[in-house]
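Contents: one structure, followed by commentary.
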Amino acid sequence: MNIVFFGSSHFAAPSLEALIREKYNVTLVVTQPDKKSGRGMHPSHTVIKSVAQGSSIGIYQPENINSKEAASVLKKQNADLFVVIAYGQILTQAVLDIPKIFAINLHASLLPEYRGAAPINRAIINGVKTTGITVIKMNRKMDAGEVFLKKETEISQTDTVIDLESRLSEMAAQALIEALRLIKDKNYKLVPQDDKEASFAPKLHKSDGEIHWEEPAETIYNSFRGTLNWPGSFTYYRGKLLRVCKLSVYPQELEKEKLSAGTVTHIFKDSIVVACGKGALLIEELQLEGKRKMPVQEFLSGHKISLGEVLGKK
RNA sequence: CGCGGGGUGGAGCAGUCCGGUAGCUCGUCAGGCUCAUAACCUGAAGGUCAUGCGUUCAAAUCGCAUCCCCGCAA
């Protein structure tokens, strides 16, 4: 069975590694082009490219996967199946029609919930308790194809998007191998999604990371867990951007009368407590604009933060 | 050549504009004190001020170059 693998983010890496380990015949790996990015705009390439290079599989990095040139490259592969995971470009029906069997996609949610670019982040931000991996047969509409198989996992109260993503990416690899066996044995059913149940998980923006102190502590904490990889949770301290790196809900009630949200209410040796719209949060690690990430204990050595100071003002 | 911030005893910072004895909060070590605290008091050790070159009577501070760290933007 000839397989063409489409993937870009590191979420896809365990799946590609699994295919290689199980000795599937991956004839080509398609990934996003090298881009100049990061500080100094140095060129960088995707993790998937590194994995493919390690196994001397052919690599293809088209700017536009739906172009005529790309189509002719893909047709030459004589592929039975396309496997698409976190690739980063939308495939048109013309491309999806190339493989002899069909194209499958692995998506990090229980479809039809959380269709779209950021399902893992959004599930945590919304405080959802269960998520998973769904394997679908792709069609023209994004993440709307018939369901092949699903795998569930619980989201714990303290899971961050980084924990959950690495767990789901391993699950995706297992799900992919399972799916391939079913396809090989022609032993599968395709179940259409109920579009009425569909919800969407749009891409995150920088602004999704800004802490709104007037919200309840739980909400801010969920948002923190769900955006930890990017953009992270941040606020402002004396006009400078302050990134919060380690955060938890402060378990005690604030006994005083209502303090305005964002006020520093306690300063301990290695942490500070900040009042929210409801409840309070404990910050243990942070990073000031231009500085390294550091424990609050060290931060307090150099910054004379005082009780009653209000965070969040630009 | 994308834009910007930074490198000062072990940690975090001030001092740099306007050149003139190396400072703060911690930590470490020694001694003291308290029923007790993130305790407290007294004392000590620990710095080629990222690196190199230059300007100057004199450079952490001014100029040029190099290395490294971080934020933004993608």
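The sequence lines fix the lettering, A, B, ..., with proteins before strands; numbering per chain opens at 1.
Counting to the nearest Å, the C1' atom of G71(B) and the NZ atom of Lys293(A) are 14 Å from each other. The distance from atom CG of Leu286(A) to atom P of G71(B) is 14 Å, rounded to the nearest whole Å. With rounding to whole Å, Gln287(A) atom CD is found 14 Å from C69(B) atom P. Separating the CD atom of Glu289(A) from the P atom of G5(B) is a distance of 10 Å, rounded to the nearest angstrom. Here the P atom of nucleotide C26(B) and the CD1 atom of Ile267(A) are 13 Å apart, to the nearest Å. Distance Phe268(A) CZ to A39(B) P: 14 Å, rounded to the nearest Å.
Distance noted for atom P between G20(B) and G15(B): 14 Å (whole Å). A distance of about 13 Å separates the C1' atoms of U56(B) and U61(B), rounded to the whole Å. A38(B) sits 13 Å from G27(B) when the P atoms are compared, rounded to a whole Å. Taking atom P in both C1(B) and G7(B), the straight-line distance is 28 Å, to the nearest Å. Separation of the C1' atoms belonging to G6(B) and A74(B) is 23 Å when rounded to the nearest angstrom. Rounded to whole Å, the P atom of G23(B) lies 13 Å from the corresponding atom of A44(B). Atom name C1', nucleotides G19(B) and G63(B): the rounded distance is 13 Å, in whole Å. Between the P atoms of C26(B) and U42(B), the separation comes to 12 Å (whole Å).
Heavy atoms of Gln297(A) sit nowhere under 4.0 angstrom from any nucleic acid atom. Looking at heavy-atom distances under 4.0 Å, Arg243(A) makes contact with sugar-phosphate atoms alone, never a base.
Searching all strands for a Watson-Crick or G-U wobble partner of A44(B) with both distances below 3.5 Å returns U28(B). Taking a pair to require two hydrogen-bonding distances under 3.5 Å in either a Watson-Crick or a G-U wobble arrangement, C3(B) pairs with G71(B). A14(B) makes up no base pair with any nucleotide shown, lacking Watson-Crick or G-U wobble contacts both under 3.5 Å. With a 3.5 Å ceiling on both atom-pair distances, C35(B) lacks any Watson-Crick or G-U wobble partner. Nucleotide U21(B): unpaired (no Watson-Crick or G-U wobble partner with both distances less than 3.5 Å). Nucleotide G9(B): unpaired (no Watson-Crick or G-U wobble partner with both distances less than 3.5 Å). Pairing of U51(B), defined by two Watson-Crick or G-U wobble distances under 3.5 Å, is identified with A65(B).
Across the interface with RNA chain B, nearest-nucleotide mapping of Leu241(A) and His42(A) shows His42(A) to be the residue nearer the 5′ end.
Side chains of Asp34(A) and Gln61(A): a donor-acceptor N/O pair is present below 3.5 angstrom, by distance only.
Considering only residues two or more places apart in sequence or on other chains, Asp195(A) meets the salt bridge (charged side-chain N to carboxylate O under 4.0 Å, His left out) condition with Arg115(A), Lys141(A).
Taking each heavy atom of Val310(A) and Ser260(A) in turn, the nearest pair found is CG2-OG, 4.5 Å. Nearest heavy-atom pair, Asp159(A) versus Ser156(A), reported as atom, atom and distance to 0.1 Å: OD2-N, 3.0 Å.
For an aromatic pair to be called close, the ring centres must be under 6.0 Å apart, and Phe299(A) with Tyr237(A) satisfies this.
For the pair Arg39(A) and G2(B), the criterion of a side-chain N or O lying under 4.0 Å from OP1 or OP2 is not met. OP1 or OP2 of C72(B) sits under 4.0 Å from a side-chain N or O of Lys206(A).
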Under 4.0 Å protein heavy-atom contacts per nucleotide of nucleotides 11-16 of chain B, with B for base, S for backbone only and - for none: BBS---
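Phe6(A) and Tyr87(A) have perpendicular rings, their planes meeting at more than 60° on a 0 to 90° scale where under 30° would count as parallel.
Through chains of ILVMFWY side-chain contacts below 4.5 Å, Ile125(A) is grouped with Leu204(A), Trp230(A).
The main-chain N or O of Lys100(A) is never found under 3.5 Å from a side-chain atom of Asp80(A) such that the two would form a donor-acceptor pair. Of the possible polar contacts, one joining the Arg122(A) side chain to the Lys203(A) backbone as a donor-acceptor pair under 3.5 Å is found.
Considering only side-chain atoms of Met41(A), the nucleotide from G71(B), A39(B), G2(B) that sits closest is G2(B).
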